[in-house]
Amino acid sequence: DEILQYVGRSRLPHLDTANVKTFFLSTSPLVLCLAPLAARADETLIVTATRLPTNASQVASSVDVVGADEIASRQLRSLPDILATLPGINVVRAGGEGGQTSLFTRGTNSNHTKVLLDGVDISDPSTPSGAVDLGRVLAGDVAKVEVLRGPGSGLYGSDAIGGVINIITKGGEGPLSATARFEGGSFDTFNQFGEVSGSDGGFLYRATIQHVHSGATPVTPLNLLPVG
């Protein structure tokens with residue numbers, strides 16, 4: 001506004017001052033209208049709560065979304081690691097990485113949380129309770145995780161009393177690209193990750209391989225270990 005005012009004063013006669021003011025007033029509503037549109041463009045879209053892409057501000061349910069950038073910045077390597085950071089979810093894992101993992105949402109049973117992979121139910125009917133074991137689901141190919149806490153039976157059935165977890169994987173885009181990563185650390189940790197992705201017209205492709213190894217993981221509380 002200061003630049004426009006300077007141009008108006010230097011090049012327009014004094015009698016046109018009213019016209020210049022009118023111009024400023026007419027553009028103000030336009031700026032005010034564009035601001036909410038920009039805010040809505042940056043808003044997160046959630047699918048799990050309503051089964052339709054919905055802005056987060058319009059969802060009445062309690063939903064958390066963990067994106068790929070947050071997963072990478074916090075160095076989360078498996079789905080249990082991601083879910084353990086969220087409120088209202090209790091993750092119980094037998095042993096270290098890869099051990100049998102159960103989820104308890106808001107105090108409900110482990111088979112009362114519906115788990116979806118790209119919208120497809122991945123419950124395990126071979127287990128007595130039908131609950132899925134997420135201990136072996138790694139995070140290298142996860143684009144985002146949507147967690148709906150609270151009853152979702154109206155949309156997903158009786159096994160969604162506690163909530164719904166939707167794991168959305170990454171898709172290919174852009175020219176052909178390849179990525180490789182190797183990590184090592186304490187407790188005999190050695191992780192490998194590789195991916196190839198891209199697109200050709202309307203054909204999108206992506207292939208990912210990931211391996212996580214961790215040995216000598218302490219699972220016994222320190223107060224139960226013998227002295228020395």
>> Does Glu183, at its CD atom, have more than 12 non-hydrogen atoms belonging to other residues, nucleotides or ligands within less than 6.0 Å?
In response: yes

> Would you find a donor on one side and an acceptor on the other, under 3.5 Å apart, between the side chain of Asp141 and the backbone of Thr208?
Replying inline: no

>> Rounded to the nearest 0.5 Å, what separates atom OG in Ser153 from atom CG in Asp159?
In response: 8.0 Å

> Nearest heavy-atom pair of Arg93 and Pro80: which atoms, and what distance?
Replying inline: NH1-CB, 3.8 Å

>> Just so I know, are the side chains of Leu176 and Val196 near enough to count as touching, which here means a heavy-atom distance under 4.5 Å?
In response: yes

>> Please check: side-chain N/O of Ser199 versus main-chain N/O of Gly172, any donor-acceptor pairing under 3.5 Å?
In response: no

>> Please find the pair of heavy atoms, one from Val164 and one from Tyr156, that lie closest to each other, and give the distance.
In response: CG2-CD1, 3.5 Å

> Any side-chain heavy atom of Leu79 within less than 4.5 Å of one from Val142?
Replying inline: no

>> Testing the basics here: between Lys170 and Ala68, what is the closest heavy-atom pair and its distance to 0.1 Å?
In response: CE-CB, 4.1 Å

>> Please find the pair of heavy atoms, one from Lys114 and one from Ala160, that lie closest to each other, and give the distance.
In response: CB-CB, 3.9 Å

>> Please say yes or no: joined through hydrophobic side-chain contacts below 4.5 Å, possibly via intermediate residues, are Ile165 and Leu148 part of one cluster?
In response: no

>> A side-chain contact here means heavy atoms from C-beta on lying under 4.5 Å apart; do Leu83 and Val145 qualify?
In response: yes

>> What's the separation between atom CZ in Arg77 and atom CZ in Phe193, rounded to the nearest 0.5 Å?
In response: 9.0 Å

> Measuring from Asp64:CG to Ser62:OG, what's the distance to the nearest 0.5 Å?
Replying inline: 6.0 Å

> Counting only N and O atoms by type, is there a donor-acceptor contact under 3.5 Å from the side chain of Asn109 to the main-chain atoms of Asn111?
Replying inline: no

>> Suppose we screen for side-chain contact (heavy atoms from CB on, under 4.5 Å). Which residues come up paired with Val212, at least two apart in sequence or across chains?
In response: Leu138, Asn191, Gln210

> Roughly how far apart are Ile167 CD1 and Lys144 NZ, rounded to 0.5 Å?
Replying inline: 13.5 Å

> Does the side chain of Ile168 reach to within under 4.5 Å of the side chain of Glu146, using non-hydrogen atoms?
Replying inline: yes

> Can you name the side-chain contact (heavy atoms from CB on, under 4.5 Å) partners of Gln192, sequence neighbours left out?
Replying inline: Phe182, Phe190, His211

> Knowing that exactly one of Val120, Val132, Asp121 qualifies, which makes a side-chain contact (heavy atoms from CB on, under 4.5 Å) with Val115?
Replying inline: Val132

> Within the distance-only criterion (no hydrogens, no angle test), does the side chain of Thr108 pair as donor or acceptor with the backbone N or O of Thr105 below 3.5 angstrom?
Replying inline: yes

> CG of Leu116 to CD1 of Ile122: how many Å apart, nearest 0.5 Å?
Replying inline: 7.5 Å

> Would you say Arg181 has more than 12 foreign heavy atoms packed within less than 6.0 Å of its CZ?
Replying inline: yes

> Would Ile71 end up clustered with Val91 when hydrophobic side chains under 4.5 Å apart are linked, directly or stepwise?
Replying inline: yes

>> To check you understand the geometry: which heavy-atom pair defines the closest contact between Asn166 and Gly119, and what is its length?
In response: OD1-N, 3.3 Å

>> Restricting to non-hydrogen atoms, name the atom on Gly88 and the atom on Arg149 that form the minimum distance, rounded to 0.1 Å.
In response: CA-CD, 4.1 Å

> Applying the 4.5 Å side-chain criterion to the ILVMFWY set and letting contacts propagate, would Val63 and Ile89 be lumped into a single cluster?
Replying inline: no

>> Would the distance check show the side chain of Asp118 and the main-chain N or O of Thr169 forming a donor-acceptor pair, the cut-off being under 3.5 Å?
In response: yes

> Taking atom OG of Ser197 and atom CG of Leu204, what is their separation to the nearest 0.5 Å?
Replying inline: 10.0 Å

